[in-house]
Amino acid sequence: MALEEETRERIMRVFEWGKRAFHVGFIPFILYLGFTQSSPRPSLLRLISPLAA
Amino acid sequence: MTTPGAPTAYPFPPGRQPATPKTAPEPSGPSEPPSFQSKFLSPINSLYETFQTKRKALDLPSPGIYENLHGEVRNVFPSVMMFDGAKFEIGSVMSQNPAFQVSHQLRWGSAGYPNTYTFNSIFANERSLLRGQIDSDGVLQAIGHYFWIKSPMMAPSEPGSPEQQQQPQPKVQSTSKATAQIVPPDSQGNSMLNLEHDYVGSDFAASLKLINPNPIDAAPQYAGGMGRRLSGKNPQPLWGSSFTGVFVLQYLQSVSKNLALGGEYVLQRIQPEMEDSVFTIVAKYQGKPSVVRQPPPPPPGMPPLMPLDPVYTWTTTFQPSSGVMHTSYHHKLNQRLELAAELQALFGGGRREGIATIGFKAETMFAQIKGSIDTQGKVQAVLEERLAPQLAFTITGEMDYTKPQGGAGRIGVGFQLEA
């Protein structure tokens, strides 16, 4: 089964866009999950230094 | 990772769902008279059940997943912990349950590795594990695991960290894994996607991997005009799959208490016109667990002893097509000292080459020492000292005696703070 070349390019473009979004959003997503799911909620300063309370 | 249908039932805790089921309960099988099919299949079913009962009675151990073959040896050799230059890492444990950790790592002063900063974040609960790592070049490494069978809280260990925490895992595991590496658009290097499913049964393990799968790659160009639709604007081949990628199938089966056999099949189809496959066979022999050599129990706070670990493991993988053989032997002398030997050899293609490595790993209360030497004259050693429970200091050294002028050496100094 072969796709038309145009369709293929369109799908690839959407895929590239999704890849970019994933690239930017993955780590913020983990941090968001971590901060919302953890209890007690950790302080933001601990992101930078483990010595912060 | 919730299914679209989940939110309707969400406010109700399990077991207290509204008493209005949407679908009528299916008629249960046993109350019905036996159908033709069940009569016809019953000998096969009973045979299957007999087989399963016999299999259960053998009580074979789980062979472990294919990827962990040679893992005992890899864990002994210092090579995975080697780095040169300086490394500084601070990590924060933000939460224990669910596990949420972030860490910052700086590496500099290395001859072969650029100075980099890496940010690492991990989130794990009993159903899933997410891990993202981004470095100063903008390269993202993303890992996501989903445990279809709930796993006890895993303590995700750092890749270079010494203690690979082994908590008792459930006997049957079914895990979907996705790994991606994404490079920024204007830099070199390739993005990569790896999809994988591992199933570990009570006496076997199987995994399926898709590496860079692309179902809509360009259509294959082979066969000249044959099979091509020649009329019309875009001549297209009528046959030939345009699915590209690398596909891996791995299977391991315990055949006795000690022996596990298995194989790996790799199908490479990086371009639609090219196809290549490699088959690897493997045998793994593990000695019985020893209950004799047990040291006194460690003080509280130390990792627990594992008296049921096999005393020795012998693993061989062989690729008949290329003639590559990899044999490893791991021996646990006692809870604190492990020895390992490894031979990687190539027979075939008119060449005979090999490299053998031996190494050890010794653990004391506050330090871990690893060393190895191979037949190419490379000596490696690592010392990791725990200055305090949260503070580790690492020195690595490597000497390559095959290099001119008496050899080339590298050293690395690392410092790790985690709280």
Side-chain angles (χ1 to χ4, degrees), chain A, chain B residues 89-104 119-125 128-134 138-144 180-185 191 193 214-220 228-229 233-243 272 390 417-419:
Chain A
M1 192 208 70
L3 287 169
E4 290 286 332
E5 197 60 23
E6 270 176 41
T7 324
R8 206 170 78 78
E9 262 168 29
R10 203 166 301 148
I11 295 175
M12 291 309 268
R13 259 207 308 279
V14 172
F15 180 73
E16 282 295 317
W17 187 87
K19 197 166 91 175
R20 192 76 56 81
F22 183 78
H23 193 176
V24 174
F26 187 67
I27 288 195
F29 173 68
I30 293 185
L31 297 181
Y32 170 79
L33 267 186
F35 275 106
T36 50
Q37 307 258 309
S38 301
S39 64
R41 195 177 165 145
S43 98
L44 271 175
L45 264 180
R46 278 186 69 92
L47 271 184
I48 300 162
S49 156
L51 302 175
Chain B
E89 186 176 350
I90 50 174
S92 312
V93 180
M94 316 273 277
S95 160
Q96 293 283 353
N97 190 3
F100 178 37
Q101 297 175 12
V102 296
S103 73
H104 307 261
F119 178 77
N120 194 357
S121 57
I122 298 173
F123 177 81
N125 57 25
S128 58
L129 182 149
L130 288 174
R131 173 176 178 159
Q133 197 176 19
I134 195 155
V139 179
L140 172 77
Q141 314 259 4
I143 294 176
Q181 174 179 319
I182 297 182
V183 299
S191 294
L193 176 69
N214 181 0
I216 52 161
D217 209 321
R228 275 166 175 258
R229 199 199 303 143
K233 244 194 280 177
N234 303 322
Q236 298 242 335
L238 292 176
W239 44 267
S241 165
S242 53
F243 205 122
Q390 289 128 7
L417 170 71
E418 192 168 292

Next item on the list: Please confirm whether the backbone N or O of Gly138(B) pairs with a side-chain atom of His23(A), one donor and one acceptor, at under 3.5 Å?
Entry: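 Between the backbone of Gly138(B) and the side chain of His23(A) there is a qualifying donor-acceptor contact (under 3.5 Å).
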Item checked: Main-chain N/O of Ser92(B) paired with Arg46(A) side-chain donor or acceptor, under 3.5 Å -> no
Value rounded to 0.5 Å, distance of [atom1] in [X] from [atom2] in [Y]:
X: Gln133(B); Y: Phe26(A); atom1: CD; atom2: CZ; result: 11.0 Å
X: Ile134(B); Y: Ile27(A); atom1: CD1; atom2: CD1; result: 5.0 Å
X: Leu140(B); Y: Lys19(A); atom1: CG; atom2: NZ; result: 11.5 Å
X: Leu130(B); Y: Phe29(A); atom1: CG; atom2: CZ; result: 6.0 Å
X: Met94(B); Y: Leu47(A); atom1: CE; atom2: CG; result: 4.0 Å

Next item on the list: Specify which of Val139(B), Leu417(B), Val93(B) makes the most heavy-atom pairs with chain A at under 4.5 Å.
Entry: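 Highest number of pairs under 4.5 Å: Val93(B).
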Next item on the list: Counting only heavy atoms closer than 4.5 Å, note whether Phe15(A) contacts chain B via side chain, backbone, both or neither.
Entry: neither
Notebook entry, point to check: For Arg20(A), is it the side chain, the backbone, both or neither that has a heavy atom under 4.5 Å from a heavy atom of chain B?
Noted result: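 The side chain, not the backbone.
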Could you tell me which non-hydrogen atom of [X] sits nearest to which non-hydrogen atom of [Y], and how far apart they are?
X: Ala180(B); Y: Phe22(A); answer: CB-CE2, 4.3 Å
X: Phe100(B); Y: Phe35(A); answer: CE2-N, 3.9 Å
X: Ile30(A); Y: Gly132(B); answer: CD1-N, 3.3 Å
X: Pro98(B); Y: Ser38(A); answer: CD-CA, 4.3 Å

Note to self: Please classify the contact of Pro184(B) with chain A as side chain, backbone, both or neither, using a heavy-atom distance under 4.5 Å.
What the structure shows: both
Next item on the list: Count the heavy atoms of every other residue, nucleotide or ligand shown that sit under 6.0 Å from OH of Tyr32(A), and state whether that count exceeds 12.
Entry: no
Notebook entry, point to check: Is there a side-chain contact between Val102(B) and Leu31(A), using heavy atoms and a 4.5 Å cut-off?
Noted result: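 Heavy-atom side-chain distance check passes, below 4.5 Å.
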